[in-house]
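Here is how names work: the chains are called A, B, and so on, in the same order as the sequence lines, proteins then strands, and each is numbered from 1.
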Number of protein chains: 2
Amino acid sequence: MNPIFHALFQKSRYLTNCLNEVLKQHNLYSSQWAILYCLHNHGPMTLTQIWKYLNVEAPSITRAITRLETLGWVLRIDGEDKREKIVALSPYAKEHLPAITKTILAFEEEMVGSLTVEEQQQFIILLEKMKG
Amino acid sequence: MNPIFHALFQKSRYLTNCLNEVLKQHNLYSSQWAILYCLHNHGPMTLTQIWKYLNVEAPSITRAITRLETLGWVLRIDGEDKREKIVALSPYAKEHLPAITKTILAFEEEMVGSLTVEEQQQFIILLEKMKG
DNA sequence: TGAATTTATTTACCTAGCTAAATAAATACT
DNA sequence: AGTATTTATTTAGCTAGGTAAATAAATTCA
């Protein structure tokens, strides 16, 4: 396997594992955090908006939202268009998000801090350059 | 979420999906390919050697090897040390690997070819720099 | 308006990683 | 030699992604 792919996949796995480790203290998984963060920034969203934004398929989001709902992090509200469900943060989530955000920012700083801002930009540029 | 993480995770998912798509014609998944390639380069290996090399946990490899065995790609042989199982490519795998390797090389070239060699090196350096 | 098509979500089931604990063989210790 | 510890593999069960197909509401169009 191409060393670039090998390195990329491995770092990706490594970072999600680290992220999950850090999120344990808040009883969250990284995928759940991604959704909460998304809702925090955009306000209530439909399922479709969420999966399009996060760039994953719809069933993954359905499952994650169901879990987040039973855990009390989000509410599912019927939209005007009766096909769609609107997902919103619960009061519980709104209360706890600042602390979680703080944890995450510290983690990200630790992980990415060894790169200069230019290196970070360069990294993203190189990532985007890779495609067909 | 930090844009670097977002971009990294997304590209990683995207590339494995592409890889799976390309491997469909050989009835393989990317994780299976990783193991076959590993055995192709190193010759027969124990399970522990494989998971340490690929940097995943043992149970993932056990499952993948079991599947590869029932599909006829690999053989599991008892080692001298009766605890360990040695995994080797089957004649079927040896016969088909060249064609698969060709497919993969073309795919990798397509994905990574838009980066110069220096950019590829730079990319790996930046990846490794990211840690705690 | 009624049928056909599109769109949003869900369900079922697959790969692919993880941890924790079980099993079995090898090694170390006294 | 016999017990305790370590090591290799497996099993069970979790998150997290994917596809394909089902369902139900909205939209299009003849």
Go through residues 48-68 of chain B and report each residue with a non-hydrogen atom lying under 4.0 Å from DNA chain D, sorted by number. B:Thr48, B:Ala58, B:Pro59, B:Thr62
Hey, where on DNA chain C does chain A first and last touch, going 5' to 3'? Cut-off is any atom under 4.0 Å from a heavy atom. C:dT7 to C:dC18
Taking atom C1' of D:dT10 as reference, at what distance in whole Å does atom CD of B:Glu69 sit? 13 Å
Got a sec: does the CZ of A:Arg67 have more than 12 other heavy atoms crowding it under 6.0 Å? no
Check whether more than 12 heavy atoms from other residues, nucleotides or ligands sit under 6.0 Å from atom NE2 of B:His40, and answer yes or no. no
Whole-Å distance between D:dT15 C1' and A:Leu71 CG? 12 Å
Within residues 25-36 of chain A, those residues having any heavy atom closer than 4.0 Å to DNA chain D are A:Tyr29, A:Ser30, A:Ser31
What's the CG-P distance between A:Asn20 and D:dT15, to the nearest Å? 11 Å
Examine distances only and state if a side-chain atom of A:Ser114 and a backbone atom of B:Lys129 form a donor-acceptor pair shorter than 3.5 Å. yes
Any side-chain to backbone donor/acceptor pair from A:Lys11 onto B:Leu8? Under 3.5 Å, distance only. no
Please find the pair of heavy atoms, one from B:Leu54 and one from A:Arg13, that lie closest to each other, and give the distance. O-NH2, 3.2 Å
Using whole Å, what does the distance between atom P of nucleotide D:dT15 and atom CG of A:Leu19 come to? 16 Å
Identify whether A:Met45 and A:Trp73 are in the same connected component of the hydrophobic contact network (ILVMFWY, side-chain heavy atoms under 4.5 Å). yes
I'd like to know if B:Tyr14 and B:Trp33 are part of one continuous hydrophobic network [Ile/Leu/Val/Met/Phe/Trp/Tyr, side-chain heavy atoms within less than 4.5 Å]. yes
Using modelled atom types only, decide if a donor and an acceptor are shared between the side chain of A:Ser30 and the backbone of A:Thr16 within a distance under 3.5 Å. no
Is a side-chain N or O of B:Glu84 found less than 3.5 angstrom from the main chain of B:Thr46, in a donor-acceptor match? no
Rounded to whole Å, NZ of A:Lys85 lies from P of D:dA26 at a distance of 13 Å
State plainly whether one hydrophobic cluster holds both A:Leu97 and B:Met1, where clusters connect Ile, Leu, Val, Met, Phe, Trp and Tyr through side-chain heavy atoms under 4.5 angstrom apart. yes
For the pair made of CG in A:Leu15 and C1' in D:dT15, what is the distance, rounded to whole Å? 17 Å
Tell me whether B:Tyr29 shares a hydrophobic cluster with B:Leu68, the cluster being built from Ile, Leu, Val, Met, Phe, Trp, Tyr side chains joined at under 4.5 Å. no
With sugar-phosphate meaning primed atoms plus P, OP1 and OP2, does A:Thr16 contact a base, only sugar-phosphate, or nothing at under 4.0 Å between heavy atoms? nothing
For A:Arg83 and for B:Leu47, find the nucleotide of DNA chain D with the closest heavy atom, then tell me which residue's nucleotide is more 5'. B:Leu47
Contact nearer the 5' end of DNA chain C, comparing A:Ile86 with A:Asn17: A:Ile86
